[in-house]
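When a ligand or atom number is given, it counts from 1 through the structure's own listing order.
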Amino acid sequence: MRTLSGIKPTGQPHWGNYFGMIQPAIHLIDGNDAYYFIADYHALTTVRDAEQLRRDTYEIAAAYLACGLNPEEAVVWRQSDVPEVCELTWLLSCVTGFGLIERAHAFKDARAKGRDAGFGLVSYPVLMAADILIFDADGVPVGKDQIQHVEMARDMVGYFNQQFLGTTDYDGEGKWLGKGLKRPQALVRDTTAVVPGTDGQKMSKSYANTIPIFGSKKTKKKAIMSIVTDSLALEDPKDPDTCHVYSLYKLFSTVDEQEALAEKYRAGGFGYGHAKLELLAKSSEFFAPMQEAFETHMANTDHLEDILQSGAAKARKTARQTMDRLYQATGLSGRKVGK
Ligand code: ADP
Ligand code: TRP
């Protein structure tokens, strides 16, 4: 199976990214044909600082590698080094009705808040579909919030194949025939539904409630100490199951360790500050080896760039082959790009 996923370089990678996407994606490398990239075109919907974008791009690359992605076993690249995705975005735009776009969460959100969505945001799900479809990906490991985007990519496969080939491009047994686009599937791990942020909402860079995977102990401590709790006094017994600190602790601990912490909550005489320190200790221990690897990679961005360029060369070859096929399907250029 070919697995494919991406993260936007819009700030420091956080625990939500790790448990929702990076860790499951890395587990999937073994036995699969894995393609993981840094979605810098997507970041341009909001980022306006070139230096920052370059740095955040390296941070995501370093994060992938530090968390276990071996560039010999998986293809890793920067989205804008494979500009063919923009070409496919146009083809998909031509078959996608505005009705589908209007149902996208990010677009609906912008409208509901009275903000002008901007054409980049309108087109965001189309670009994301192009990312997936240009590589004929089968499985897309993402957090729960991205399922809708993968569903939209599936819809676009249907429109494209039907309109250009006049068929679904699948046979009666559900086997893809390989003339148009292949239908992908979202791969979402149940256990990692949504990682809560310091305020209890979904952890997200857009909500400024993240806890970074990497960074100084001071920054992480500050973020963990700011996790919102109720106002029970230190001596009061507490309910672990309604506490965000406890939910986050579960991500890093064994069942026995979780039970031990739950006991302390229920017994009273144990404050949220204590629980936060336990979370800090456990998470720091968990991420320590990755932190070290991350720093080593960030200290040598030339090497990171080499890895990204060699990944881009492989990814681009696959993307060009797909475009060649789609030129045939649509009647566009007679030039054979895949050769
Ligand atoms: P953000 O919301 O912080 O901008 P991204 O949109 O870049 O994060 O997400 C990158 C990947 O991480 C996606 O697959 C997304 O589903 C996953 N992810 C982000 N936040 C969370 C979360 N709080 N819980 C689970 N998965 C998440
Ligand atoms: N939209 C995704 C996010 O915000 C990032 C992304 C862009 C992506 N293209 C993708 C994820 C293709 C999976 C596949 O997290």
Colleague: Donor-acceptor pair, distance only, cut-off 3.5 Å: does the side chain of T46 make one with the backbone of A43?
Modeller: yes
Colleague: More than 12 heavy atoms of other residues, nucleotides or ligands under 6.0 Å from NZ of K282: yes or no?
Modeller: yes
Colleague: Who gets closest to atom 15 (C) of ligand 1 by heavy atom: V140, D145, V142?
Modeller: D145
Colleague: Within ligand 1, which atoms have a heavy atom of I7 less than 4.0 Å away?
Modeller: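 Checking each atom against I7, I get 7 (O), 10 (C).
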Colleague: Who are the side-chain hydrogen bond (donor to acceptor under 3.5 Å, both in side chains) partners of N17, not counting sequence neighbours?
Modeller: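 H14.
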Colleague: Cluster partners of V47, using ILVMFWY side-chain heavy atoms under 4.5 angstrom, listed by chain and number?
Modeller: L44, L53
Colleague: Give a yes or no on whether a salt bridge exists between R78 and E305, defined as a side-chain N under 4.0 angstrom from a carboxylate O.
Modeller: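 Salt bridge present between R78 and E305.
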Colleague: Only heavy atoms of M21, strictly under 4.0 Å: list the atoms of ligand 1 that pass.
Modeller: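 It comes down to these atoms of ligand 1: 11 (C), 12 (O), 14 (O).
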Colleague: Consider every N or O of K205 and every N or O of ligand 1, then say whether any pair is closer than 3.5 Å.
Modeller: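 Yes, K205 has an N/O under 3.5 Å of an N/O on ligand 1.
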Colleague: Can you name the atoms of ligand 1, numbered from 1 with element, that are less than 4.0 Å from a heavy atom of G143?
Modeller: 14 (O), 15 (C), 16 (O), 26 (N)
Colleague: Output yes when the distance from some N or O of ligand 1 to some N or O of G16 is under 3.5 Å, and no in every other case.
Modeller: yes
Colleague: Under 3.5 Å, side chain of Y170 to main-chain N/O of R183, donor-acceptor pair present?
Modeller: yes
Colleague: Does K238 make a cation-pi contact with Y272, if we ask for NZ or CZ under 6.0 Å from the ring centre and within 45° of the axis?
Modeller: yes
Colleague: Whether the side chain of Q79 engages the backbone of D40 through a donor-acceptor N/O pair (distance < 3.5 Å, no angle test) should be reported.
Modeller: yes
Colleague: Answer yes or no on whether R2 is positioned over the face of F135, meaning its NZ or CZ is under 6.0 Å from the six-membered ring centre and within 45° of the axis.
Modeller: no
Colleague: Which is closest to atom 20 (N) of ligand 1 in terms of heavy atoms, Q201, Q12, M203, Q146?
Modeller: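 Going through Q201, Q12, M203, Q146 one by one, M203 has the nearest heavy atom to atom 20 (N) of ligand 1.
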Colleague: Is there a nitrogen or oxygen of V194 sitting under 3.5 Å from a nitrogen or oxygen of ligand 1?
Modeller: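 By distance alone, the answer is no.
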Colleague: What I want to know is whether K144 and ligand 1 share at least one N or O pair that is separated by under 3.5 angstrom.
Modeller: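 Not met; the criterion fails.
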Colleague: Considering only heavy atoms, which protein residues lie less than 4.0 Å from any atom of ligand 2?
Modeller: L4, S5, G6, K8, F37, A39, H42, Y124, M128, D131, I132, V140, V142, Q146
Colleague: Could you go through residues 101-110 and list every donor-acceptor pair under 3.5 Å that involves a side-chain atom there, pairing it with any protein atom two or more places apart or in another chain?
Modeller:
unit_1 : atom_1 : unit_2 : atom_2 : d
E102   : OE2    : R111   : NH1    : 3.2
R103   : NH1    : G99    : O      : 3.3
D109   : OD2    : K113   : NZ     : 3.1

Colleague: Would the distance check show the side chain of K264 and the main-chain N or O of H274 forming a donor-acceptor pair, the cut-off being under 3.5 Å?
Modeller: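 Flag not set: sc K264 to bb H274 has no pair under 3.5 Å.
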Colleague: Check each heavy atom of N17 against ligand 1 and say whether those closer than 4.0 Å belong to the side chain, the backbone, both or neither.
Modeller: both
